[in-house]
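Beneath this line is the structure, given in structure tokens, with notes to follow.
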Amino acid sequence: MTISPHDIEAIVRLFKSSGYGELRVKLGDLSIVVSKDSSPRSAETSAAAGAKPAERAATASNDVAGAIVVRAPVAGTFYRAPSPAAEPFCKPGDRIAANTTLGLVEVMKLFTSIQAGVVGTVAHIAAQNGALVEAGEPLVLIQPDEAGT
Amino acid sequence: MSAPGPTIRIVDTTLRDGQQCLWATRMSTAMMLPIAKQMDRAGFDAIELVGAVQFDAAIRYLKEDPWERVRLIRERVRHTPLQALIRSKCVLGFDQQPDDIANLWVERLVANGIRRFVAFDGLHDLDNLIGSLRHAKALGAYTTGWLTFSDSPVHTDELYVRKAREFIDRAGVDAVMIEDASGVLTPERARTLVPKLKQAIGSLSLGLHSHGLLGLPQRTYLEAVALGVDNVYTCIPPLADANAPPSVFTTIQNLRYRGFDVGVDVAALESVAAHFEAVAARDDKPRGRPMDFDASSFGHQIPGGVLSNLTAQLKTAGLAHKLPEVLEECSRVRSELGWPIQVTPFAQLIGVQATLNVIRGERYGVVPDEVKKYALGYYGKLLSPVEPDILDRIVTNGSKAIALTPRPPEPALPALRRRYPGASDDELLLYHSFDSAIVDAMRQNRPDYDAYAIAEKPFLHLLREIAKRPPVSRITISKGDFSIELRE
């Protein structure tokens with residue numbers, strides 16, 4: 001039996017994917033020793049690091065006086081941006097028109113754009129990005145431009 | 001008439017459609033490499049390898065480079081042409097791509113080893129395909145226009161004849177085929193459709209690709225080849241039957257019994273089937289099996305995947321008992337929307353809108369963006385118009401951010417080149433269609449292409465198996481002058 005450079009690469013890769021800390025292979029006068037420090041399996045750490053941190057839950061209260069509550073029309077997943085890498089549609093303080101898209105509710109891979117239907121200012125984002133929302137759940141609070149609120 | 005024993009050619013779609021139907025498109029390159037050469041020896045007319053969905057799965061879930069898959073397979077498949085699927089002017093999802101992207105996809109697929117293309121548009125709006133098909137031909141590829149079979153008042157034999165002629169006249173295709181994604185093409189319908197198509201396309205090749213979920217393909221294939229179809233699509237078990245295309249073994253056996261000449265070496269495929277069976281056993285993957293006719297599925301024609309999603313959605317809403325109502329609503333919505341095909345992605349439009357209608361108790365009160373775009377012609381010209389008062393509701397209740405008239409997308413390459421200077425065309429296409437973080441994660445991963453090697457060296461196999469298991473404090477194995485030791 002022979003060990004090729006390709007095999008060595010495979011050995012190292014397989015060893016890395018295992019839970020072992022040290023590997024020794026001997027074949028005739030060929031000896032291979034591979035070791036890693038005794039940290040937890042790298043798979044776990046990278047999975048934790050790679051996961052998108054959930055958006056911090058909005059801490060402001062939901063009862064902003066006079067605000068219009070824009071609610072999820074159906075149960076689904078709420079997204080604040082058109083795609084994972086893109087900027088959110090809106091943030092508190094933004095001025096909006098009646099047909100400005102504030103977010104998306106995804107149902108079985110189809111996306112429903114959520115709009116306020118009024119001119120105003122975004123007061124508060126009530127639901128987390130990527131969260132499962134129920135029908136009627138508050139998503140965004142808007143301070144409308146009407147007089148007398 | 002034809003000489004005794006006309007030849008029927010077989011196109012294999014195990015690596016594209018079989019695994020898409022049965023393994024959720026999660027067949028990795030490593031699973032394909034060990035048997036690629038053997039598949040090349042079998043005598044297939046073509047091996048269908050990729051569509052956009054395979055790219056998506058490779059990048060997102062398997063974290064491997066789909067372009068590299070094409071190259072690696074091409075290295076091993078030297079004689080049989082590799083085939084790629086083009087869906088409309090889309091990559092993933094519903095949105096139409098600019099021409100520069102659509103053309104670059106064709107170029108890069110050819111550059112990486114693809115020699116044949118099949119192209120389809122769910123609305124049969126061939127404006128969405130002409131550019132890509134002509135470009136492919138100009139690059140020397142063999143092109144096939146794919147007619148998506150659907151059972152509806154607008155999907156008549158006459159429509160298919162018109163579209164076949166349009167494929168030939170406007171796109172100069174080398175061949176035409178019928179794709180029956182829902183597996184609902186009956187021998188009876190083939191008896192009218194196939195002769196009319198044959199007459200319309202003359203000496204051009206006519207293919208048929210069906211799916212086994214209602215137990216029809218074996219009989220429909222036999223009827224079709226007797227009437228002029230000259231190539232059929234199959235898969236290698238266990239990635240065959242059920243909602244995948246029919247088994248190559250059963251199909252060829254039946255064809256030969258009926259006197260057709262099939263130039264495929266079935267014996268050469270036994271080891272390929274054994275390999276996929278071993279992969280299925282090892283990784284706990286589903287196996288296809290022949291299905292029986294189910295009248296309700298034949299009636300509503302909703303694809304299995306959409307049906308299971310609808311059921312889950314209703315359960316979540318506490319409305320599981322409303323499933324029969326939703327199935328009825330699907331038929332109603334399909335009719336109102338102008339009879340889109342009951343095939344992905346249009347099957348989702350129908351299913352989701354029907355579910356929303358039932359859950360809300362108000363028809364078209366909530367309209368997903370995609371339904372409004374579909375209705376306004378964003379995906380292509382509709383074969384039959386949306387019912388006027390339904391269109392009104394869709395326009396009124398759907399997103400106001402969607403313009404009433406679609407605008408063709410702007411070319412995307414200039415901005416992409418500026419954003420990713422130094423990136424290859426292959427990379428640019430990935431960055432265009434996928435999140436850059438996901439593409440980068442894929443590129444950082446180094447897949448183990450030997451993971452399923454048949455003749456893996458025993459000590460590597462041993463190490464692989466040990467590595468998979470929870471570690472013990474020490475293992476030592478030795479034989480002769482070979483020893484291996486692992487410590488925690």
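Below, chains carry the letters A, B, ... as their sequence lines are ordered, and counting in each starts from 1.
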With rounding to the nearest 0.5 angstrom, report the [atom1] to [atom2] distance, [X] to [Y].
X: B:Phe482; Y: A:Leu30; atom1: CZ; atom2: CG; result: 10.0 Å
X: A:Arg24; Y: B:Ser483; atom1: CZ; atom2: OG; result: 10.0 Å
X: A:Tyr20; Y: B:Ser473; atom1: OH; atom2: OG; result: 8.5 Å
X: A:Ser18; Y: B:Ile475; atom1: OG; atom2: CD1; result: 9.5 Å

Kindly determine whether B:Val367 and A:Thr112 satisfy side-chain contact (heavy atoms from CB on, under 4.5 Å), including the steps that lead there. CA-CA 7 Å; B:Val367 177; A:Thr112 302; over 6 Å; no

Checking [X] against chain A: side chain, backbone, both or neither under 4.5 Å from a heavy atom?
X: B:Ile402; answer: neither
X: B:Leu310; answer: both
X: B:Ala401; answer: both

Within the supplied structure, the quantity of interest is the number of heavy atoms (other residues, nucleotides, ligands) at a distance under 6.0 Å from [X] [atom1]; does it exceed 12?
X: B:Glu410; atom1: CD; answer: no
X: B:Arg282; atom1: CZ; answer: yes
X: A:Glu134; atom1: CD; answer: no

If you count heavy-atom pairs under 4.5 Å between each of [options] and chain A, which one has the most?
options: B:Val352, B:Asn309, B:Val366; result: B:Val352
options: B:Ile359, B:Ile466, B:Val472, B:Thr355; result: B:Val472
options: B:Arg360, B:Arg487, B:Lys372, B:Glu488; result: B:Arg487

Does A:Lys109 form a side-chain contact (heavy atoms from CB on, under 4.5 Å) with B:Gln348? I'd like the steps, not just the answer. CA-CA 8 Å; A:Lys109 299 283 183 284; B:Gln348 269 155 283; 3.6 Å; yes

Quickly, which of A:Leu23, A:Leu27, A:Ile11, A:Ile32 forms a side-chain contact (heavy atoms from CB on, under 4.5 Å) with B:Ile484? Name it, please. A:Leu23

With a 4.5 angstrom heavy-atom cut-off, is it the side chain or the backbone of A:Leu104 that approaches chain B, or both, or neither?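 When you check distances to chain B, only side chain atoms of A:Leu104 fall under 4.5 Å.
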
Between B:Gln313 and A:Met108 (side chain of the first, backbone of the second, donor and acceptor by atom type, cut-off under 3.5 Å), is there such a pair?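 Checking the backbone N and O of A:Met108 against the side chain of B:Gln313, no donor-acceptor pair under 3.5 Å is found.
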
For B:Arg446 and A:Arg13, indicate whether the former's side chain and the latter's backbone hold a donor-acceptor pair under 3.5 Å. no

Taking only heavy atoms into account, what residues of residues 89-100 of chain A are found under 4.5 Å from chain B?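 Under the 4.5 Å heavy-atom cut-off, A:Asn99 qualify.
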
